[in-house]
Protein chains: 2
Amino acid sequence: MIVSTRGRYALRVMMDLAEHPEGFIPLKDIAARQGISQKYMEGIMTILSKNGYVEGIHGKGGGYRLNRPTKEYRIGDILRLTEGSLAPVSCLECGTEPCERAADCRTLPMWSELHTIINDYFDGVTLADLMTPAKK
Amino acid sequence: MIVSTRGRYALRVMMDLAEHPEGFIPLKDIAARQGISQKYMEGIMTILSKNGYVEGIHGKGGGYRLNRPTKEYRIGDILRLTEGSLAPVSCLECGTEPCERAADCRTLPMWSELHTIINDYFDGVTLADLMTPAKK
DNA sequence: CAATTACCTACTAAACGAGTAGGCAGAAAG
DNA sequence: CTTTCTGCCTACTCGTTTAGTAGGTAATTG
């Protein structure tokens with residue numbers, strides 16, 4: 001499994017925000033609508049906020065808001081941020097020191113190619129794409 | 001991460017078997033060559049053996065042997081068997097009851113399509129492909 | 001001021017990953 | 001027939017990750 005609840009919840013919240021563009025939406029409302037733990041979401045929202053994917057303001061009347069048009073959010077960026085990595089094997093996770101037998105590893109090219117495929121796939125989908133009802 | 005050590009070790013052992021086609025190779029030798037825990041591998045080998053991917057015989061002079069030419073082993077089959085699933089999200093893992101909001105889930109088609117891409121990718125690679133030195 | 005909200009730190013329960021340990025069972029060699 | 005080598009089986013362990021809870025602090029509005 002590549003994508004855990006962190007990434008899936010992040011997408012759902014951002015889709016919810018996209019559907020409610022009127023001002024700032026408190027997380028409480030989103031969590032209630034989506035049936036997601038508010039407390040758990042807070043941590044994920046903080047990451048999204050710190051990295052400039054959403055804007056959050058404190059206090060009464062506060063909440064979260066999208067920053068840009070939905071077309072400018074790449075799913076790949078959101079998932080890499082919330083999941084840490086989309087690598088198919090741990091050897092390819094950034095931050096990991098390269099495997100000692102990487103030089104003559106016969107399987108590494110296969111993992112690398114799939115890694116590229118996965119990243120490209122998610123980078124080719126935007127939040128706007130998710131908003132339109134499924135055509136397939 | 002989709003592929004853990006289980007799947008990676010399985011591939012390495014099968015590549016090792018492919019390189020040593022003379023009779024039955026004891027797991028002890030393979031584990032030593034590959035620098036892998038023999039005890040840990042035993043569990044993985046039993047799965048491969050039970051499902052007809054390798055043949056194992058007991059006793060002195062025993063060990064494991066490949067069953068077919070390397071070209072007839074699809075990496076996808078080996079990984080699905082040892083990893084249980086190659087699904088990008090838990091919702092798609094077989095055995096899991098379908099998510100209650102699957103019918104109107106806006107992200108499900110995306111996960112499904114990637115799932116197909118991943119399966120097709122690994123099904124397009126055979127053990128024979130891995131044996132040839134990297135060209136890329 | 002009180003209420004509401006984002007944000008921060010710490011804790012927890014369960015599952016999973018990657019092994020270990022200690023056997024039993026089958027087959028060959030002596 | 002016994003020893004030795006092997007696959008196979010069950011159970012246990014230890015660390016990490018996942019998916020949360022709990023309880024605060026800080027900012028903003030009415």
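When reading the values below, keep in mind they use all heavy atoms of this one structure, side chains included, and skip hydrogens, waters and symmetry mates.
Picking from D:dG20, D:dG23, D:dA27 the nucleotide with the shortest atom distance to the side chain of A:His58 gives D:dA27. The A:Ser4 side chain lies nearest to D:dT18 when the options are D:dT18, D:dC8, D:dT28. For B:Tyr64, whose side chain is taken as the heavy atoms from C-beta onward, the closest listed nucleotide among D:dT4, D:dT21, D:dG7 is D:dG7.
Using a 4.0 Å cut-off, no side-chain N or O of A:Tyr9 falls inside it from OP1 or OP2 of D:dA19. Here B:Tyr40 does not reach the OP1 or OP2 of D:dT13: none of its side-chain N or O atoms lies under 4.0 Å away.
Checked for salt-bridge contact, B:Glu22 and B:Arg65 miss the test: no charged N lies under 4.0 Å from a carboxylate O. Of the charged side-chain nitrogens involved, at least one lies within less than 4.0 Å of a carboxylate oxygen, so that B:Arg106 and A:Glu19 count as a salt-bridged pair.
Relative to the six-membered ring of A:Tyr53, A:Arg68 meets both conditions, a distance below 6.0 Å and an angle of at most 45° to the axis.
Counting 5' to 3', DNA chain C first comes under 4.0 angstrom of a heavy atom of chain B and last does so at the ends given by C:dA18 to C:dA29.
Contacts between residues 25-35 of chain B and DNA chain C, defined by a heavy-atom separation under 4.0 Å, are absent. Sorted by residue number, the members of residues 48-55 of chain A with any non-hydrogen atom under 4.0 Å from DNA chain C read A:Ser49, A:Lys50.
Between B:Arg6 and B:Gly61, it is B:Arg6 whose nearest contact on DNA chain C lies nearer the 5' terminus.
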